[in-house]
Amino acid sequence: MSDMTDTLVADKAFETDGMQVVFERPDALLPVVTNYCPGCSHGVVQRLVAETIDELGVEGTTVGVAPVGCSVMSYDFFGCDMIEASHGRAPAVATAVKRVLPDGVVFAYQGDGDLASIGMAETIHAATRGENITVIFINNAIYGMTGGQMAPTSLPTQVTQTSPYGREPQTAGYPIRVCELLSTLDGVAYLERVTVDSPKNIRKAKKAIKRAFENQINGVGYSLVEVVASCPTNWGMDASEAYDWLRENMLPYYPLGVYKDVVAEGFENAAEAAFARAKECPMVNSQMKGGE
């Protein structure tokens, strides 16, 4: 093993003289060096996903789907089985895996260009079908891997490589608020928007991610957690400045919170909630009676 790997293994195994390890690398996160820039939120979020997999004890039955973007190499970072999807197609791939392995835990990990641009059709249709999968969505308001172009989530007036004078809604349209958009679909069980700019918000993000995985295990339906994230490199800032910019600009436009939770509304799953919302429709009522 390399010196770095030796150190990581030693750190993980460290528990001597009555001292207890209180912080260590999750088993589901491999001891490798990632490709993420300093200050990038991906590393924090992927650790939270790995911690969740560990705590639920599902690494051996979990399949992750990696996107195209900065997190394209996620298949090298997680210890569970991973599949690389074509650009934007992670929800379709996750759907296929979940239908073949209905008792498995399947998650898609996607950025805003992957999910909300080229993959928007796959996102919408997987959600409206109520696929029992978990989606982790990273919203950093820009295309990261390809050099900082305007993304579907880039803010009005935001300067990017392809909007050097700022995004103009009159010509480029308005940003897509993914949680708000998906909340209108009957197939969706759970939507929450979080961020990882502070220890308090990291704990909230972890709780949301774990809830999304538990929903899948319990058969509740499609769950998505949106993480408002930073991209210091393409924003042209250092890590501290990037989180300040995120708080000042992104959070007012992308408010944190739960956007849909059918269990909290008193339903067992998304399908039950959908039937209740359409109870006045005779065709829906006949379908419900037929299933009783």
Side-chain angles (χ1 to χ4, degrees), residues 63 65 67 85 88-110 112 114-137 139 152-153 169 173-194 207-228 253-292:
V63 180
V65 184
R89 311 308 181 227
V93 174
T95 294
V97 175
K98 185 65 177 182
R99 292 192 180 193
V100 171
L101 302 172
D103 295 328
V105 177
V106 183
F107 73 94
Y109 186 97
Q110 299 178 264
D112 43 18
D114 189 86
L115 181 145
S117 182
I118 190 170
M120 180 54 87
E122 282 75 8
T123 295
I124 292 290
H125 288 285
T128 201
R129 290 193 306 267
E131 299 294 345
N132 191 35
I133 60 175
T134 302
V135 179
I136 308 300
F137 168 47
N139 173 7
T153 53
Y174 290 93
I176 295 175
R177 293 182 171 100
V178 170
C179 278
E180 290 87 335
L181 176 66
L182 296 183
S183 68
T184 65
L185 303 178
D186 283 336
V188 175
Y190 175 69
L191 298 166
E192 184 167 356
R193 183 181 288 133
V194 299
K207 184 178 179 181
I209 290 170
K210 190 170 185 178
R211 176 68 178 278
F213 274 80
E214 288 173 333
N215 278 348
Q216 181 180 166
I217 292 169
N218 295 330
V220 178
Y222 179 96
S223 297
L224 178 143
V225 176
E226 176 179 348
V227 184
V228 180
Y253 203 91
Y254 297 109
L256 306 181
V258 177
Y259 284 81
K260 192 167 188 178
D261 186 347
V262 298
V263 173
E265 294 171 10
F267 299 103
E268 184 176 341
N269 52 48
E272 184 180 284
F275 279 129
R277 284 190 291 273
K279 63 183 179 181
E280 301 302 326
C281 174
M283 291 181 65
V284 173
N285 276 317
S286 66
Q287 182 180 356
M288 290 178 68
K289 291 176 181 177
E292 293 176 350

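Keep in mind that the numbers below use all heavy atoms, side chains included, and drop hydrogens, waters and symmetry copies. Just so you know, these numbers come straight off a predicted model, no measurement behind them. One-based numbering along the sequence shown.
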Working note: Leu191 + Val178, criterion side-chain contact (heavy atoms from CB on, under 4.5 Å); need CA distance, chi angles, decisive distance, verdict. CA-CA 9 Å; Leu191 298 166; Val178 170; over 6 Å; no

Could you grab the distance from atom [atom1] of [X] to atom [atom2] of [Y], nearest 0.5 Å is fine?
| X | Y | atom1 | atom2 | value |
| --- | --- | --- | --- | --- |
| Thr123 | Gln110 | OG1 | CD | 5.0 Å |
| Asn132 | Arg99 | CG | CZ | 11.0 Å |
| Asn139 | Ile176 | CG | CD1 | 10.5 Å |
| Tyr174 | Tyr253 | OH | OH | 7.5 Å |
| Tyr222 | Lys260 | OH | NZ | 11.5 Å |
| Thr128 | Leu185 | OG1 | CG | 4.5 Å |

Please evaluate residues Val220 and Tyr190 with respect to the criterion side-chain contact (heavy atoms from CB on, under 4.5 Å), reporting the C-alpha separation (whole Å), side-chain torsions for both, the decisive distance (0.1 Å), and the verdict. CA-CA 9 Å; Val220 178; Tyr190 175 69; over 6 Å; no

Minimum heavy-atom separation for [X] to [Y], with atom names?
| X | Y | result |
| --- | --- | --- |
| Ala126 | Pro91 | CB-CB, 3.9 Å |
| Cys179 | Leu224 | SG-CD2, 4.2 Å |
| Ala92 | Glu122 | CB-CG, 4.0 Å |
| Gly88 | Asp114 | N-OD1, 2.8 Å |
| Val194 | Ala208 | CG1-CB, 3.9 Å |
| Arg89 | Ile118 | NH1-O, 3.0 Å |

Starting from the C-alpha separation in whole Å, work towards a yes-or-no answer on salt bridge (charged side-chain N to carboxylate O under 4.0 Å, His left out) for Arg193 and Glu180. CA-CA 10 Å; Arg193 183 181 288 133; Glu180 290 87 335; 2.6 Å; yes

Heavy-atom side-chain contact between Met120 and Leu181 under 4.5 Å: yes

Any side-chain heavy-atom pair of Val106 and Leu101 under 4.5 Å: no

Criterion side-chain contact (heavy atoms from CB on, under 4.5 Å) on Thr95 and Arg129, from CA distance to verdict: CA-CA 10 Å; Thr95 294; Arg129 290 193 306 267; 3.2 Å; yes

Single hit among Asp261, Val225, Thr134 for side-chain contact (heavy atoms from CB on, under 4.5 Å) with Arg211: Asp261

Before giving the answer on side-chain contact (heavy atoms from CB on, under 4.5 Å), spell out for Glu226 and Tyr254 the whole-Å C-alpha distance, their side-chain angles and the decisive distance to 0.1 Å. CA-CA 10 Å; Glu226 176 179 348; Tyr254 297 109; 4.2 Å; yes

